[in-house]
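So the structure is just underneath, and the comments pick up after that.
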Protein chains: 2
Amino acid sequence: MPAVMEQPLTDLSKWKTDECSIGKAMDLIGTRSAILILREAYYGTTRFDGFATRVGVTEAVAAKQLRRLTDAGLLRKQPYREAGQRTRHEYALTEMGRDLLPAVLALMQWGDKYLQEGVSPLLVVEDSTDSPVQVQVRSAAGNEVGLEQLRVRLNRGWRPRKAR
Amino acid sequence: MPAVMEQPLTDLSKWKTDECSIGKAMDLIGTRSAILILREAYYGTTRFDGFATRVGVTEAVAAKQLRRLTDAGLLRKQPYREAGQRTRHEYALTEMGRDLLPAVLALMQWGDKYLQEGVSPLLVVEDSTDSPVQVQVRSAAGNEVGLEQLRVRLNRGWRPRKAR
DNA sequence: CCGTATCCTGATAGATACTG
DNA sequence: CAGTATCTATCAGGATACGG
């Protein structure tokens, strides 16, 4: 039994597709290279060359996506001083960038399960306990919930925006 | 303090980018329309026309992505009989498709927070309690963990595949 | 209602070469 | 090390028209 909408959203005058958070998110960061650059940021990469090399894209692509993510607010370009070295700069995650971690880990978890034959190459673990992490859907009440226990409804208080 | 790799993955002979689960996942379902079609499946849509209309794409795009998702194993095309009606078919989620729910909800949650002005349009709640759901990263030990408490390491037992 | 076929635009991304 | 510039191939996706 699948999840269910309280009422079908057929009334597109109220619910425009381009109001959807998922669609907006995909418009902004829904490319392979953008997600992979974020992955690298989570792994600890901070410098231009590191992103280009480890993601395996050309400098042109790395530059474009780094600019995009920086402009969008997921990364911040900061000056970076090392003792006796000339000033460099690094790309650091913002809160906005960090907050996408569950989405990226969820993708990884899913890919590990279905797109690798047998063993997945990397393990993400809790540092202190070395136990693997898992992405879960939980209710505020504290229960882990699956698709069958979900319901979707229009948010009271939300009003459609003007047409463009 | 960011997450840290046990050792930097500069050795690309061991760690090819195209072995990455995230990259593989993005190759398969990393387009706006594919994700939005999955969203609709989670919302309960099962028929061709519903997908095309609600996602807001042309039939050509809907057909292509539905085929893609079906071929990949996230959806299954099933015969569908209604009393006294001619046979139709519906697109049903497989376990593989359901298992992507956390990723899609994580995207939605992130978009709600950063890409909507003020109030998010839709609410996903636990049916029985009406309390909103949240996507979380948890360790097997049961703790919710943030980026700072994570560590990434090569999985023992994993061996690189032959070059292509 | 469920698609297929064709044409077209724009964006992703590779290759290569060059600057501060 | 950190990019920019150009040129090109591939693909997502819109528009439109047509067939089961």
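- At least one donor-acceptor pair under 3.5 Å links the side chain of B:T94 to the backbone N or O of B:G73.
- The separation between A:D27 atom CG and D:dA12 atom C1' is 12 Å, rounded to whole Å.
- When the side-chain nitrogen and oxygen atoms of A:R47 are compared with OP1 and OP2 of D:dA2, one or more of them lie within a distance under 4.0 Å.
- In terms of modelled atom types and a separation under 3.5 Å, the side chain of A:Q65 and the main chain of A:A62 share no donor-acceptor contact.
- Salt-bridge annotation for A:R138 and B:E144: absent, with no side-chain N of the basic residue lying under 4.0 Å from a carboxylate O of the acidic one.
- For the side chain to side chain contact (heavy atoms under 4.5 Å, CB included) with B:R32, the qualifying choice from A:I22, A:D27, A:T31 is A:D27, the only one to do so.
- Listed pair A:H89 / D:dG3 meets the phosphate criterion, a side-chain N or O lying under 4.0 Å from OP1 or OP2.
- When both pairing distances are held under 3.5 Å, C:dC2 makes no Watson-Crick or G-U pair with any nucleotide shown.
- A:V61 and A:L69 end up in the same hydrophobic cluster when Ile, Leu, Val, Met, Phe, Trp and Tyr side chains are linked at under 4.5 Å.
- Remark: the backbone N or O of B:A41 is not paired with any side-chain donor or acceptor of B:T45 at under 3.5 angstrom.
- When the C1' atom of D:dG13 is taken as reference, atom CD1 of B:I35 falls 16 Å away, rounded to whole Å.
- Of the residues in residues 61-70 of chain B, those placing a heavy atom less than 4.0 Å from an atom of DNA chain D are B:V61, B:K64, B:Q65, in numerical order.
- Pair assignment for D:dG19 gives none, since no Watson-Crick or G-U wobble pairing has each distance under 3.5 Å.
- Going from atom CG of A:D49 over to atom P of D:dC1 covers 5 Å, rounded to whole Å.
- The separation between A:E90 atom CD and D:dC1 atom P is 15 Å, rounded to whole Å.
- Distance B:E59 CD to D:dA15 P: 11 Å, rounded to the nearest Å.
- The span of DNA chain C lying next to chain B, judged by atoms under 4.0 Å from heavy atoms, is bounded 5' to 3' by C:dC1 to C:dA5.
- B:S128 and A:Q149 share no side-chain donor-acceptor pair at under 3.5 Å.
- Within 4.0 Å of A:A52, counting heavy atoms only, lies no atom of the nucleic acid at all.
- The nearest whole Å value for the distance from the CZ atom in B:F48 to the P atom in D:dG19 is 17 Å.
- Residue A:F51 is out of contact with every strand shown, counting any heavy-atom pair closer than 4.0 Å.
- Salt bridge A:E90/A:R47: absent, no basic N to carboxylate O contact under 4.0 Å.
- Taking every side-chain heavy atom of B:T58 into account, D:dG14 is the closest of D:dT4, D:dA2, D:dG14.
- Salt-bridge annotation for B:R76 and B:E95: absent, with no side-chain N of the basic residue lying under 4.0 Å from a carboxylate O of the acidic one.
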